[in-house]
Amino acid sequence: MFSLTFLTFGPIIGAALVCLLKDDETIRRAALIISLVVLFPGIAMVLDYNDSFARAQASLTAEQAASGVFVYEEKIPWIEAFNINYHMGVDGLSMPFVFLAVFLCPLCVLASWGIREKVKGYMALFLLLEGAMIGVFAALDLFLFFVFWELMLLPMYFLIGIWGGPRRVYAAIKFVLYTLFGSIFLFIAMLVLYAKTGSFSLLELPQLMGGIQMTWAVKLALFIGLYVAFAIKIPAFPFHTWLPDAHVEAPTAISVILAGILLKMGAYGLFRISYPIFPDAAAWFCTPMAVIGLINIVYGALCAMAQSDLKKLVAYSSISHMGYVMLGMAVYREESLQGAVFQMFNHGTITAMLFLLVGVIYDRAHHREIDGFGGLVKPMPVYGGITALAFFAALGLPGLSGFISETLVFLGAFQEQRLITCLSTSGILLGAAYMLWTYQRVFMGPVNEKYAALPEISLREICTLAPLAVFVIVLGIFPSLFLNAIDPTMEHVLASLQKGREAYQATLQVAGALVP
Amino acid sequence: MLELLDNMGSLKYFLAELWLVLWILVLLIQPLIPRWSSAKISNCLAVLALIGAAGLVLALPVQDSRPTLFFGMLALDGLSRFFKILFVFSTLVTVLMNLRGQEVTDHQKPEFYAILLGILLGMFLTAASMDLLMMYLSIELFSLGSYILAGFSKNENRSDEAAMKFLLYGSLSTGAMLFGMTYLYGMTGSTQLLDIREYLAASGTGQTVFFVAFLLIFVGIGYKISAVPFHFWAPDVYEGSPSVLVAFLSVASKAAGFAAFIRLFYTTLLANASEGIWTPFVDFDWRAFVALLAMATMTFGNLGAFRQENIKRLFAYSGIAHAGYILVGAIALTTAGVESILFYLLTYFFTNFAAFAVIVYLADRHSMETIEDYRDLGKRSPLLALALAFSLFSLIGVPPLAGFLGKWYLFAAAVQTLDPWCIAAVVVGLLNTVLSVYYYMRIIKAMYLDHLEAPPLLKPDSVLVGMAVVLSIPVVFMFFAAGSIYEWTRSLSYFLVS
């Protein structure tokens with residue numbers, strides 16, 4: 001019916017097709033059609049996922065299932081001399097994000113309708129980016145993962161650097177240098193793992209790691225290297241400084257992709273690569289990770305509160321929200337791990353809405369100063385309403401999806417990291433404070449005369465926002481739709497993490513020291 | 001087993017070289033005949049000569065017996081075959097780039113081609129030589145040709161300067177190399193690499209003099225591959241010489257240096273212990289020595305490129321940095337390391353020539369040589385800009401482009417040894433990759449992110465634009481066949497003692 005190869009390479013081939021077209025309007029439509037052509041199989045995948053997964057699980061022996069259950073697998077040898085395979089497949093961890101990517105992209109194409117300059121280049125690069133993103137989430141071979149991971153850089157550089165704001169060149173090169181710096185560690189880890197085990201398969205590596213000799217220092221060095229590579233993408237404190245620059249300068253749709261998908265790749269990489277391959281080092285890193293999560297939550301929120309630029313505020317709120325993900329990942333409880341993955345997905349939909357909303361007002365007023373507006377509800381009541389929904393979702397109002405994921409994270413985290421969790425809850429308060437304060441300054445109060453006649457949000461813009469709003473509400477009321485799908489995979493992740501923690505504690509007891 | 005062929009028996013494996021000699025003579029006579037003296041005819045003759053040479057090289061038999069020609073002077077093995085193929089196609093690309101070039105004027109063309117074929121002949125011999133004297137002479141043969149061609153733009157001061165610097169540095173370093181070779185001969189009593197190998201294997205340990213000898217020889221080879229600290233000639237020569245020659249030097253001359261490097265050091269200095277892992281006969285830390293050189297080479301190369309405004313100078317430094325990356329493959333001291341060097345040179349061939357097709361076109365036809373001149377190229381000539389952008393990304397090593405695959409093989413071969421020096425070199429190499437992003441991106445930024453009000457128009461040139469496109473196709477799509485191309489280089493990586 002569909003294949004992950006089609007999802008990945010459909011947009012890339014589409015990018016080549018777009019290059020052949022002439023007229024700007026045709027190009028926009030073609031890009032939209034291509035992203036929709038990829039969306040429908042994506043929807044089919046989500047609907048079919050639970051059945052396929054159950055079937056795959058039933059067909060595997062217990063031994064095979066030990067390396068995780070994957071569906072829609074495709075595997076062809078690629079570079080045989082190095083045992084590199086073209087291996088694609090998804091499980092409960094990656095499926096939501098493959099879907100998020102195919103789902104956000106048509107919306108972003110719609111949101112990019114206003115791009116006037118070099119439409120062809122923009123759309124081609126955007127589709128290339130879409131393919132690479134889906135590839136990252138679908139790759140089950142470390143080498144392939146790395147290829148897609150790096151491939152994203154090129155379109156991103158140009159999309160920020162050509163169509164961005166006034167300081168776009170600076171922001172684009174900063175983004176590229178930061179990410180490439182992180183990739184070095186990924187590259188080295190990949191080389192060392194290959195030299196030790198002779199495999200790149202993300203399915204085999206966790207098992208193979210058990211059979212080889214590797215000193216604790218090497219393990220730790222590799223784990224921390226991988227952590228740095230992924231932390232830059234998350235972005236975790238103190239590697240977050242590229243994010244505000246990139247977000248502020250990027251065009252709206254690219255901000256959406258950055259926040260909605262690229263930030264997820266960091267946490268996904270930790271889940272998919274660092275945790276299964278180095279479960280004992282991960283156990284060692286639990287508390288530092290929780291502390292970094294706490295810093296992200298509180299520091300991000302405080303920074304957001306201090307911003308005068310609406311887009312920068314959303315960027316910092318992203319940092320804060322990703323802190324919940326890290327806190328959830330630091331605790332080995334079913335609730336918090338599920339909460340972390342759910343929070344990643346919800347952040348994708350909610351922050352995408354926020355950036356789209358900022359884009360809407362920026363297109364009209366041509367600035368984003370929070371204090372420069374006032375009383376916008378009057379000229380734009382619908383816009384004010386949708387913004388209220390997005391803001392409430394972002395601050396974690398019960399009934400909306402963000403609430404569920406944050407609560408799950410706290411539920412799990414409190415059982416192990418009491419102090420840190422208690423401190424982190426202040427993030428909820430701070431979040432409510434900056435969101436509501438911003439809403440008040442922009443939408444309430446006396447109408448700013450300059451903007452009394454702003455046109456209401458257009459149908460095209462509503463089309464970009466409404467699907468996201470549906471997700472925010474539906475998943476807020478029926479979170480089990482999401483949680484049930486990822487549950488078997490998360491159980492498997494949890495089991496391997498707990499095994500890692502036991503191994504770590506056993507070595508601790510033998511060594512009788514803090515570090516074995 | 002090794003098979004020693006006598007002079008007559010060797011000739012049938014020596015046809016490509018003889019063919020080149022024949023065409024050098026033809027190209028020397030051609031301008032003397034009035035009716036044939038047009039540049040078009042010399043273009044045709046050069047292309048014909050090279051196509052013939054390519055055919056003869058490709059038709060060389062692949063033999064298990066691994067004969068040596070002329071009583072052990074030349075090898076007939078996979079390594080020489082690989083390098084000959086690389087050289088002959090490099091020359092062909094260079095000639096094609098020069099078809100309508102203006103830097104080399106029409107009446108200079110016959111000489112230019114004759115000397116270029118002479119250089120090619122020297123490189124053929126370098127790749128195959130199994131004897132110190134043979135190696136020295138053949139390196140000198142292709143070096144001398146390069147010195148002359150560097151000064152070929154006679155009316156330009158900087159071309160004269162380039163040729164002079166090239167010659168002076170070159171003579172000094174080949175002199176040092178010859179000096180080192182005399183030590184080897186004095187100690188071992190033979191100029192044959194295989195004899196030297198035997199001597200070293202039997203009684204090489206504990207003799208510091210061999211370190212000195214190899215160090216001196218490395219001066220000459222380091223000069224050819226432009227390794228730090230023997231790289232000072234490169235920026236000036238690249239900036240001053242005719243652009244087509246720079247394109248040729250940046251690929252073929254470097255490859256010839258590595259051919260000599262692999263041949264000499266792997267044949268004489270290393271024992272093929274087992275499982276493709278090589279160990280040095282001589283008991284000093286050869287690996288540490290080359291690792292330090294590699295790290296210095298890539299770091300200085302990249303740092304030097306930072307402030308360059310002239311594209312050709314920038315590519316000189318980029319070439320230095322890449323020599324450093326390639327040396328990482330050499331410190332692995334494994335067969336996989338040799339294979340990865342060959343593969344990298346192949347990717348470098350496509351990448352650098354694709355970039356140079358653009359650079360030659362702009363420098364030769366429009367005198368555009370600075371980064372500033374490249375502003376808005378994305379709009380002025382989308383195809384050229386795209387080809388250059390792909391090759392720059394490939395030079396950075398962005399997957400899945402060819403340069404990434406090459407770098408991947410190099411670094412993977414080094415890390416597989418799990419030796420601390422290798423891992424240190426790989427880490428430094430990767431940090432350097434990030435450094436290099438900055439200056440490669442400056443060109444990309446100029447091409448796509450800077451806008452001109454009224455950009456000057458570019459005259460179309462189908463040959464060079466076509467070449468830029470054709471050469472960048474493998475750069476982009478090599479990953480499809482990465483496995484089989486790697487197998488091909490692997491099949492050619494065997495040489496006499498392996």
Side-chain angles (χ1 to χ4, degrees), chain A residues 19 76-86 117-118 120-121 125 132 135 143-154 157-158 160-164 168-170 172-173 176-196 198 200 214 218 221 225, chain B residues 336 339-340 343 378-379 382 386 389-390 392-393 396-401 404-405 407-419 422-423 426-438 440-442 444-451 479-487 489-490:
Chain A
C19 288
I76 329 169
W78 179 18
I79 303 175
E80 276 161 358
F82 280 87
N83 195 10
I84 295 170
N85 295 298
Y86 172 81
E117 267 181 70
K118 304 183 188 164
K120 186 193 286 184
L125 287 168
F143 190 87
L144 192 65
F145 176 91
F146 184 78
V147 168
F148 285 125
W149 175 274
E150 294 282 286
L151 187 61
M152 274 172 351
L153 278 184
L154 303 184
Y157 171 79
F158 289 109
I160 298 177
I162 299 181
W163 291 273
R168 54 181 180 263
V169 177
Y170 168 77
I173 195 77
V176 168
L177 284 179
Y178 246 110
T179 316
L180 266 182
F181 179 73
S183 313
I184 290 182
F185 298 105
L186 184 54
F187 194 90
I188 294 176
M190 194 163 79
L191 287 173
V192 174
L193 284 176
Y194 174 72
K196 285 278 189 187
F200 288 103
M214 193 182 263
V218 174
Chain B
E339 290 160 12
S340 70
F343 186 83
K379 203 185 280 166
L386 198 65
F390 275 128
L392 290 172
F393 281 126
I396 294 175
V398 177
L401 303 177
F404 164 73
L405 296 171
K407 221 175 243 177
W408 157 255
Y409 285 127
L410 282 177
F411 290 172
V415 167
Q416 264 179 317
T417 62
L418 293 174
D419 175 89
C422 291
I423 294 187
V426 169
V427 171
V428 174
L430 289 170
L431 287 173
N432 265 291
T433 305
V434 177
L435 276 186
S436 72
V437 172
Y438 174 77
Y440 290 126
M441 282 305 216
R442 279 183 67 201
I444 303 219
K445 169 182 164 289
M447 291 195 302
Y448 286 102
L449 270 52
D450 292 350
H451 296 295
F479 69 92
F480 272 122
S484 43
I485 294 174
Y486 185 74
E487 286 305 319
T489 51
R490 167 180 267 183

Task: Contact leader toward chain B among A:Phe185, A:Phe181, A:Tyr157, where contacts are heavy-atom pairs under 4.5 Å - done: A:Tyr157
Task: Interchain contact, A:Ile173 with chain B, by part (heavy-atom threshold 4.5 Å) - done: side chain
TODO: Heavy-atom distances under 4.5 Å only: say whether B:Phe404 touches chain A with side chain, backbone, both or neither.
DONE: side chain
- [ ] Counting only heavy atoms closer than 4.5 Å, note whether A:Leu153 contacts chain B via side chain, backbone, both or neither.
- [x] neither
Open item on the list: Give me the atom names and distance for the closest heavy-atom approach of B:Ile423 to B:Leu418.
Closed with: CD1-CA, 4.1 Å
Task: Contact origin within B:Tyr486 toward chain A - heavy atom pairs under 4.5 Å - done: side chain
Open item on the list: Quick check on ring pair (Phe, Tyr, Trp, His ring centres under 6.0 Å): which of A:Phe146, A:Phe145, A:Phe143 does A:Phe187 satisfy it with?
Closed with: A:Phe146
Task: For chain A, the option from B:Pro399, B:Ser484, B:Ala414 that forms the most heavy-atom pairs under 4.5 Å - done: B:Pro399
Task: A:Phe148 portion near chain B, given a 4.5 angstrom heavy-atom threshold - done: neither
Task: Where A:Trp163 and A:Glu117 come nearest, the two heavy atoms and their spacing - done: NE1-O, 2.8 Å
Task: Side chain / backbone / both / neither for A:Phe158 at chain B, heavy atoms under 4.5 Å - done: side chain
Task: Contacting moiety of B:Ile485, where chain A heavy atoms sit under 4.5 Å - done: neither
Task: Closest non-hydrogen atom pair, B:Val415 against B:Val426 - done: CG2-CG2, 3.7 Å
Open item on the list: Checking A:Leu154 now: which residues fulfil side-chain contact (heavy atoms from CB on, under 4.5 Å) with it, not counting sequence neighbours?
Closed with: B:Phe393, B:Val398
Open item on the list: Counting only non-hydrogen atoms closer than 4.5 Å, does B:Glu487 touch chain A with its backbone (N, CA, C, O), its side chain (CB onward), both, or neither?
Closed with: side chain
Task: Taking every non-hydrogen atom, the tightest pair across B:Pro400 and A:Val147 - done: CB-CG1, 3.7 Å
- [ ] Identify which part of A:Tyr194 has an atom lying under 4.5 Å from any heavy atom of chain B, answering side chain, backbone, both or neither.
- [x] side chain
- [ ] Heavy atoms only: give me the nearest A:Asn85-A:Pro77 pair and the separation to one decimal.
- [x] OD1-CA, 3.3 Å
Task: B:Leu449 versus A:Gly161, closest heavy-atom pair with distance - done: CG-O, 3.2 Å
